[in-house]
Amino acid sequence: MHTYLDNAATTPMAQQVIAVMAEQMQQDFGNPSSTHWFGRTAHTVMDQSRQTLAQSIGAKPTELQFTSGATEANNTAILQTAHSRQALGRHIITTAIEHPSVLKPMAQLEQEGFTVTYLPVDETGQISLADFDAALDDETILVSVMMGNNEMGSHLPIAAIGTRLAAHQAWFHTDATQAYGLLPIDVDALGVDLLSVSAHKLNGPKGVGFLYRRADHNFPPLMRGGEQEMKRRAGTENVVSIAGFAEAVRLISDQEKADRQAKYLGFKHQIMAGLRAADVAFEVNGTVQADALNHVFNLWFPGVSTYALQTNLDLAGFAVSGGSACTAGSLEPSHVLTAMYGAASPRIAESIRVSFGSTTTALEITQFTTVLTKIVTRLRKK
Amino acid sequence: MKATGIDDLQIGELQNLIEMMVIFLDNSNTRVVVGMSGGVDSSVTALLLKQQGYDVVGVFMKNWDDTDENGVCTATTDYEDVAKVASEIGIPYYAINFEKEYWDRVFQYFLDEYKAGRTPNPDVMCNKEIKFKAFLDYADELDADYIAMGHYAQTRTDEAGTVHMLRGADGNKDQTYFLSQLAQKQLKRALFPIGHLQKPEVRAIAAEYGLATAKKKDSTGICFIGERNFKQFLSTYLPAQPGQMMTTDGVPMGQHDGLMYYTIGQRSGLGIGGNSQNSEPWFVVGKDLAHNVLYVGQGFNNPALMATSLDASGMSFFTGHAPAQTFHCTAKFRYRQADTGVTVTLDGDRAKIVFDEPVRAITPGQAVVLYEGEECLGGGTIDLAYNEAKVLQYI
C-alpha cells in the first residue's frame, strides 16, 4: 500500500545484494586483519570488492578507502586536504548547493581562517564556468563540486572543471553520491582527484561508502587507532556491507545506467502530462534535461505548503521528500532552492521532491499523479 | 433463560459484533489529528482514540526554538518521545513548525502585556491562537474531522447540536481555565478523550500499554520559558526599568528591579523584612506604570489586595451566547483557584463582575472564567479590579 518515491534519500536493497550479504554474515565473519584462515577469507572478500568498485570508476584498487558512507568520505577529503595543504594556500572553491556534509566542513575551515568561495547557481541549479574561472587563484588548494545535485538533479560540469585544474595545484574533489548509480564515471577522463560515494543510494546497504583518492595524493587519516585501509582509515572493516556494496555496483552496468536515466526521464514527462491534463498548476524547480540526474524531480505547487502536501501524500501512501528534517522533525528551508530562487521565493515553502528508483513502475507514477492531483486540488480549495 | 440460551446468546453476540463493527467502521473513516507534545497526556489521548478505531494522525507542534549553543533543544527530545509513543501505538506522526505564528500571535502579546504593566496568560492565548486555530487550520489541510491534544476538559452535545464545555473530571488538573477563549466552531471540532479521567488513571493507562512517556515528568511553567529563570528570560526581551518601591501611604521602601518582574499578591523577592511594630511579611499590592512605582503592603490579606469586583473585556462564551444579560454564576480568576460566586453584567463583549465575597490579588491581564456547576461558560480578560467604587492601583 506504500509507494516509495524518495530514492534520492535512500533505496531499497537489491535481492542479490541481500543474498550476498546474508551469505557473508553466515560464512565469512573473520576480521580481514587477522593472520589466520578466517582473516584471509575475509581479506579476499575485501580485495575482490575493492577491485570491482575501483573498476567502476576507472581507478586502481589501492586508490580506494572504505568509509562509513559519503558523509565520512566528504569530511575526510575536505578537512584532511585543507589541513595538509595549507602551506600552499588557504583558498577553497565549492558551490552553494553542496550537501551539508560538504558545506559544514567548509564552514569549519572558514572558522579556522580558510577562505571559501561558494559558486552561485542560476535558476536551473547550474554553476557558471566563468564564475569558477574568476574564483580560481594561486592560493586555491582544493575545489569541491558535486557531480549531481540531490535536490534538483542538476548535473554539474565536472569534466570541464577537471580540464581547467589539470595544470593547477588545487586538488579536485567531487561528491558523486547521487550520480554514481546513473552516470558512467571515469576519474581520469573527468580529471578528478578525490571522489565520494555511498552504497545505499544504489540499492546497496547503508553505512558503507568509499573515498577515491588519486595515487600520491596523501593526507593523514581522519580516523585513527588502527592500520586498516593502508593506514588511511582506522577501524575494523565493514566486510559484510562492503561485499554488498560491490554486488550492488556489479548490478549496474553503464547500459543499465543509461536505461534508468531514460526510464526516469519518461516518469517526469508522465507526471507533467498528468498534471497538465488535470489542469493542476505547477512549475518544475530547475529544468527537465536529458543529461541531468533524472531520478530527482522537484516540483513547485503555488499556494500549497510543503508540510501539508508531503504529509497528505504520506497519509495516502506515497513517500516523497519535503526537504531535510532538522530539529524536532520540522523542515529546514532548502539551501538549494534558496540558492536558485532567493530566500524570498515562495517555492521554498511550497515544493516537494519526487525521486525514482530501479523498482519504480509506470503504474505507480500514474497512481501517484492521480493522488497528487486530488490532494493539490483539495488543498487549493481550502 | 437456559432453555433458549444458545440462540439468544448467538443473536446477542452477533448484535454485539455488528455494533462493534459499525462503531469501528464509523470511526475508521473519521480522522483525528492529535497534537502530541511528547507528554503523557497527549500520548494517552492518541492511544485511546486509536483504540476507539479512529484514523489517528500524530502531529508535533514546534512553537519555540530554544536551541542552545551546543545544539541542544528540548523540542528534539520531546519529538523523540512522540516518535516512540506513536510507533508504540501504531500511528503515523509528523511535525509542524509554528514558531512564526507563535511569535506573532502569542509571544508579542505576552511582551506587550508586560510592557503595559499587566500579567499575561500565554497559555490561554496559545490555545486560542495556536492549538485551536493554526493547528486546526493545519489539521484541516490533513482532512481532519477532529483535533485532540490531551486537555483535561469534557464536552457534552445538547439536542440542538450545541457543544457545551465541562470541567475535567480531575479537579486538580481541570484545564477549562486555559480553554476559556474558544468558540463554538472550535469546540465542535475538538475531542477530549482523557477529560473523564484522573491524572493517575492516565499515567496507569500509559504504564499498562508501556508507553515511553508513562513516567515522564509533567512540564511546568510557561512552555517557552520551561525551567529557566523567569526574570532572566524576560530581561532578554524587555529592558528592565528599576524604580521606587513604596507603601500605599507613600512611604519609600527601597528599589524594585522593574515592574514586569512582579505579580500582584507575590511575596518573595522584595528584599524587605518586617519592622518592629509589624512583623508580617510584605506583598506586592499594586503597580503605577506611569510613575514606575511598585506598591507594597504588609500581610497576606492586606486590604489593598482585596477586590470586590472587576471589569473584563473580550468576553466569549462557548455556546456563542451568554445565559442572560445579567446572571449569577461562579468564577475563577486564576488557574486552580477555588470558585467564587459572582454576578455578571454584560455590555457587549465587556463585563462588570461583582463578587459575592472579596477576592485576593485579582490580576489584570489574567483570565476570568465563568462556571455554572460543572459547565464552563466562557470568560474574558481582567482589565481593572475594584474595592467597592475605588480602582485598585494594579496598573
Side-chain angles (χ1 to χ4, degrees), chain A residues 1-4 6 9 100-101 103-105 107-108 111 301-334 338 343-344 346 348-352 370-382, chain B residues 28-38 54-87 91-102 134-145 223:
Chain A
M1 288 293 284
H2 288 270
T3 301
Y4 189 70
D6 195 15
S101 60
L103 294 176
K104 293 290 177 184
Q108 186 191 320
Q111 286 193 338
F301 294 94
V304 177
S305 90
T306 303
Y307 279 117
L309 185 50
Q310 195 258 338
T311 304
N312 272 294
L313 282 168
D314 184 49
L315 289 170
F318 292 89
V320 305
S321 170
S324 323
C326 62
T327 48
S330 55
L331 300 174
E332 189 93 55
S334 158
T338 305
I348 291 161
E350 298 175 349
S351 296
I352 56 165
T370 305
V371 170
L372 178 65
T373 298
K374 233 184 258 178
I375 292 170
V376 170
T377 306
R378 180 172 67 74
L379 289 173
R380 285 200 173 127
K381 272 190 194 138
K382 294 270 179 200
Chain B
S28 73
N29 286 322
T30 304
R31 178 168 288 171
V32 186
V33 174
V34 179
M36 297 177 72
S37 64
Y54 287 103
D55 171 11
V56 181
V57 177
V59 174
F60 175 82
M61 272 177 270
K62 184 158 188 267
N63 298 339
W64 190 260
D65 186 17
D66 66 352
T67 309
D68 68 17
E69 60 277 11
N70 295 317
V72 178
C73 148
T74 52
T76 308
T77 45
D78 287 339
Y79 185 63
E80 283 305 314
D81 286 334
V82 169
K84 279 185 214 154
V85 169
S87 50
I91 58 168
Y93 60 91
Y94 307 92
I96 181 77
N97 192 307
F98 287 137
E99 281 169 33
K100 187 184 182 309
E101 289 84 351
Y102 193 90
F135 183 76
L136 182 56
D137 287 347
Y138 185 62
D140 273 333
E141 294 202 319
L142 303 186
D143 226 3
D145 296 289
C223 61

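Heavy atoms only: backbone and side chains are in, while hydrogens, waters and symmetry mates are out. Proteins come first, then strands; the chains are lettered A, B, ... in the order of their sequence lines, and each starts at number 1.
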Item checked: Main-chain N/O of B:Y138 paired with A:Y307 side-chain donor or acceptor, under 3.5 Å ->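 Absent.
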Checklist line | For A:R378, salt bridge (Lys or Arg N to Asp or Glu O under 4.0 Å) partners two or more places apart | finding: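 Partners of A:R378 under the salt bridge (Lys or Arg N to Asp or Glu O under 4.0 Å) test: B:D143.
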Note to self: Once salt bridge (Lys or Arg N to Asp or Glu O under 4.0 Å) is applied, do any residues pair with B:D140, and if so which ones, sequence neighbours excluded?
What the structure shows: B:R189
Notebook entry, point to check: Which bit of A:L379 is near chain B, if near means a heavy-atom gap under 4.5 Å: side chain, backbone, both or neither?
Noted result: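 It is the side chain, since no backbone atom gets that close.
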Item checked: Part of B:V59 within contact of chain A (heavy atom distance under 4.5 Å) -> neither
Item checked: Straight-line distance of A:S305 OG to B:I96 CD1, nearest 0.5 Å ->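 Taking OG in A:S305 and CD1 in B:I96, the distance rounds to 6.0 Å.
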Checklist line | Nearest atoms (heavy-atom pairs only) where A:L315 meets B:P92 | finding: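 Closest pair (atom of A:L315, atom of B:P92, distance): CD2-CG, 3.7 Å.
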